[in-house]
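The figures here come from the full heavy-atom set of this structure, side chains too, leaving out hydrogens, waters and symmetry mates. Labels below follow one simple rule: chain letters A, B, ... track the order of the sequence lines, proteins then strands, and each chain is numbered from 1. None of these values were measured; they are calculated from a predicted model.
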Number of protein chains: 2
Amino acid sequence: MMSARPTMKDVAALAGVGLKTVSRVVNGEGSVSPDTTERVNAAIAKLGFRRNEGARLLRQGRTASIGLVLEDVADPFSSALTRAVEDIARQHDSLVFAGSSAEDGVRERELTLAFCARRVDGLIIVPAGATHRYLVPEITAGTPAVFVDRPPVDIDADTVLVDNEGGARMAVDHLIAHGHRRIGFLGDAPTIFTATARLAGYRASLEAAGLPYDESLTSLAPPTAEAIRHAVERVLGGPDPATALFCGNNRVTVEVLRVLAGRPNQPALVGFDDFELADVLRPGITVVAQDPAEMGRTAAEMLFARLSGDRQGRAKTVRLPTRLIPRGSGEMPIATGIGT
Amino acid sequence: MMSARPTMKDVAALAGVGLKTVSRVVNGEGSVSPDTTERVNAAIAKLGFRRNEGARLLRQGRTASIGLVLEDVADPFSSALTRAVEDIARQHDSLVFAGSSAEDGVRERELTLAFCARRVDGLIIVPAGATHRYLVPEITAGTPAVFVDRPPVDIDADTVLVDNEGGARMAVDHLIAHGHRRIGFLGDAPTIFTATARLAGYRASLEAAGLPYDESLTSLAPPTAEAIRHAVERVLGGPDPATALFCGNNRVTVEVLRVLAGRPNQPALVGFDDFELADVLRPGITVVAQDPAEMGRTAAEMLFARLSGDRQGRAKTVRLPTRLIPRGSGEMPIATGIGT
DNA sequence: TACCCTTCAGACAACGTTGTCATCGCCGGT
DNA sequence: ACCGGCGATGACAACGTTGTCTGAAGGGTA
C-alpha cells in the first residue's frame with residue numbers, strides 16, 4: 001500500500017503536460033494558461049504531490065536551514081535561545097537543525113561539520129571547544145557562523161556576548177552596598193570564558209571597594225553537586241567565613257540553594273543568570289539576569305544579515321547588557337552569627 | 001576571496017582521475033589502487049572538499065534527518081524530550097529539525113508539512129491541533145510519525161503517552177490519605193488531552209473515596225497568571241474551601257506557588273510533572289513526575305524501528321508510568337484555620 | 001597462444017527540481 | 001500577405017552525488 005511519493009514527472013504525465021509546466025504552476029510563475037493550470041492543479045491534488053524541497057534547494061544551492069549548536073538543548077538557557085532563533089528563522093522561511101555539544105569540543109566539531117556537510121546556510125554556535133580553526137574552510141566557502149555567549153577561539157567571527165564582567169561587578173557591588181565585606185565566589189572552570197569574565201568582575205568590584213581578594217572564599221571547579229557542597233562548606237565554614245555568596249551561573253546557584261536549604265544562617269546571595277521560580281523562593285533570589293532570548297534573536301538577525309548580502313564586512317561583536325533583579329536574597333544584611 | 005565550494009568534479013580534475021573514482025575513495029569502497037587513493041586524498045585535502053550530504057541523500061532517497069514538532073522548544077518538558085530524541089537520533093546518524101507549534105494547530109501543520117517537504121525520514125510530534133488528517137498522505141507516502149504526550153486525532157499512529165489518569169489518581173489518593181476531603185483541581189482547557197485525562201483521574205479518586213465532585217473547587221481554564229490567581233482565590237476562599245490543591249500541570253503549579261507565596265495558611269499541594277527546584281522550595285513540592293526524557297527516547301526508538309523495516313505493523317501505543325515524589329507539600333495535614 | 005578472471009577505472013544515467021533556450025501558434029500592424 | 005512580438009509550452013542541461021555498466025590492463029591456467 002505504501003505508494004512511492006509522486007514527483008513532478010508523475011504530475012506532468014497525469015495532466016498530460018510537460019515537466020516544466022508543472023514546475024511553473026507549482027511556483028506560480030504565471031505564463032501558464034488558466035486551463036492548463038487547472039489541469040495541473042487537479043493532478044497535484046489527486047496524487048497528493050508535494051514538492052521535494054531538498055531537490056529544489058540543491059538546484060538553487062541553498063538549504064533554507066541553519067545549524068544551531070548548543071551546549072545542551074535541554075538546559076533553560078539553551079532552550080530559550082533556541083526558541084528565539086527558531087522564531088527569527090521562521091521569518092526567513094528557514095528551518096533549524098539543533099544539536100548539543102555536551103560541552104565537549106570534539107562533539108561540537110562533529111556536529112558543526114555534520115551541519116556543514118548538509119550545507120546549512122549558516123551556523124549559530126555556543127562554543128565549547130578550545131579551537132575553531134576547523135571552521136575556517138567552511139566560513140571561507142561561504143557558510144557564515146555567529147558565536148553566542150562565548151567568543152570563538154583562533155578565528156574571527158560575529159559574536160554575541162553579554163557583559164559578564166560588568167554583570168558580575170554589579171552583583172558584587174550590590175552585596176558590598178548591603179554591608180558585606182566577606183563575599184564568596186562560586187564559579188566554574190577557568191577554561192570557560194564566561195567563568196573567567198565573571199571572576200574578573202568579582203575581583204574588580206572587590207578592588208574598587210578596597211577589599212582583599214581571598215582565594216579561600218572562591219571555588220573555580222566544575223559545579224558538580226559534590227564540589228559545590230564542599231565549596232559551600234569551606235567558604236561558609238572557615239574562621240572568617242563569607243557572609244554573602246555570588247554564584248557564577250545558574251547550575252551553581254541551584255546547587256548552592258540545595259545545599260543551603262539544609263543550613264541555618266543563610267548568607268546573602270546573588271546569582272548570575274535568572275531562573276524560573278527565583279521569585280517564589282523565600283527569600284526571593286536576587287540575580288543578575290541575562291536575556292537568552294535576546295541573545296538568540298540578536299545572533300539570528302546577524303546571521304540572516306550576513307546571508308542577505310553583507311558577507312564581506314568585518315566580524316562584529318555585540319555585547320548585551322545584564323540587569324540586576326533584587327528579590328531579597330541579595331539584600332539581606334550580615335547574619336548576626338548565632339552560636340558562632 | 002569567498003571561493004565556491006569544491007565538488008567531486010573539482011577533486012577529480014585536480015587528481016587527474018574520474019569522478020566516480022573520487023566517489024569511491026570518499027566512500028571507502030575499495031577497489032581503488034593505493035596510489036590513486038593517495039592522489040585523490042591529497043586533492044581532497046588541498047581543496048578542503050567535503051561531500052555534500054544533501055546531494056548524496058537525494059540520490060539515496062533519504063535525508064538522515066527527522067522532524068520534531070513541539071509545543072514550545074523553550075519549555076522544560078519539550079527541551080528534555082528534545083535532548084533525548086537528539087541522542088537517539090545521533091545513534092542512527094540522523095539530525096534533528098526542531099520546531100515549536102506554540103500550541104497552535106495551524107502552525108503545527110505548517111511546520112510538520114515543511115518538514116515533510118524536506119523529506120525528513122520521520123516525524124515525532126507533540127500534537128496541538130484538532131486533527132491530523134493532513135498527515136495521511138505523508139504517512140502513506142512512507143514518512144512514519146510518532147506522537148508523544150497526546151494521541152493523534154482522526155488517524156492511527158504510534159503514540160507514547162503517560163498514564164495521566166493513573167498519575168492524577170495517585171496524586172489525589174495521596175492527599176486523601178493525608179486527611180484531606182476538600183481537594184481543589186486546577187487544570188487546563190478540556191481541549192487538551194492530558195488535562196481531560198487528569199481531570200478524570202481526579203474524579204475517579206474522589207469517587208473511590210466516596211467524596212463528592214464539587215465544580216466550585218475546580219478550574220478548567222487555560223492557565224494564565226490572571227486566571228490562576230482568580231481560581232486560587234475562589235477555591236481557597238469559599239465558605240467551605242479546599243484544604244489541598246492538585247495542579248494539573250507544570251505551568252499551573254508554578255503560577256499557583258507564585259500566588260500562594262503571598263498568603264498565610266498554605267494548603268497542601270501536589271503537582272503533575274516535576275520541575276527543577278521543587279525540592280528546594282520550603283516545603284518541598286510533592287509531585288507526580290513523568291519522565292520527558294524517557295518519553296523522547298521511547299518515541300525516537302519507535303520511530304527508528306519503523307524506519308528500519310517495521311513499516312507494516314499496526315500502530316502501537318506505549319503508556320509510561322508516573323511516579324509520586326513526596327517532598328512535603330503533599331503531606332501537610334489540614335491547616336487549622338486560624339482566624340477563619 | 002588462447003582464454004578467462006580479477007582489478008581498477010571511467011562513462012553514463014539517475015535522484016527531483018529549476019534555469020535557459022527554442023518552438024509554436026496567433027495577434028496586430030503595415 | 002508579411003513580419004515582429006508575445007503568450008504558452010516543452011526539451012534539455014544542470015545542481016552534486018551514487019548505482020550500473022562497460023572496458024582496459026594484467027595475470028594465471030590449459
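The ring pair (Phe, Tyr, Trp, His ring centres under 6.0 Å) pairs that include a residue from residues 54-93 of chain B are B:His92-B:Phe304, where partners are two or more places apart or lie in different chains.
Between the CZ atom of B:Arg39 and the C1' atom of C:dC8 there is a distance of 12 Å, given to the nearest Å.
Base engagement by A:Ser31 is indicated by at least one non-hydrogen atom pair under 4.0 Å involving a base atom.
From one end of the helix from C:dT1-D:dA30 to C:dT30-D:dA1 to the other, with five pairs defining each end axis, the axis direction shifts by 60° (rounded to 10°).
B:Val318 is linked by a side chain to side chain contact (heavy atoms under 4.5 Å, CB included) to B:Thr298, B:Met302, B:Leu320, counting only residues two or more places apart in sequence or in another chain. For A:Asp72, the salt bridge (Lys or Arg N to Asp or Glu O under 4.0 Å) test picks out B:Arg83, with sequence neighbours left out. Under the salt bridge (Lys or Arg N to Asp or Glu O under 4.0 Å) criterion, A:Asp104 pairs with no residue, sequence neighbours left out. For the ring pair (Phe, Tyr, Trp, His ring centres under 6.0 Å) test, residues two or more places apart in sequence or in another chain that qualify with B:Phe97 are A:Phe97, B:Phe115. Residues passing the side chain to side chain contact (heavy atoms under 4.5 Å, CB included) test with B:Ala42: none are found, sequence neighbours excluded. Partners of A:Phe49 according to the ring pair (Phe, Tyr, Trp, His ring centres under 6.0 Å) rule, which considers only residues two or more places apart in sequence or in another chain, do not exist here. In this view, B:Thr37 and B:Val25, B:Val32, B:Asn41 satisfy the side chain to side chain contact (heavy atoms under 4.5 Å, CB included) rule, not counting sequence neighbours. Under the side chain to side chain contact (heavy atoms under 4.5 Å, CB included) criterion, B:Pro151 pairs with B:Thr159, B:Leu161, B:Phe193, sequence neighbours left out.
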* Using a 4.0 Å heavy-atom cut-off, write out nucleotides 10-19 of chain D from 5' to 3' as B (base contacted by protein), S (sugar-phosphate only) or - (no contact). => BB-BBBBBBB
Using the 3.5 Å cut-off, write out each protein N or O paired with an N or O of nucleotides 4-6 of chain C and the distance between them.
none

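Using a 4.0 Å cut-off between a side-chain N of Lys or Arg and a carboxylate O of Asp or Glu, A:Arg297 and A:Glu86 do not qualify as a salt bridge.
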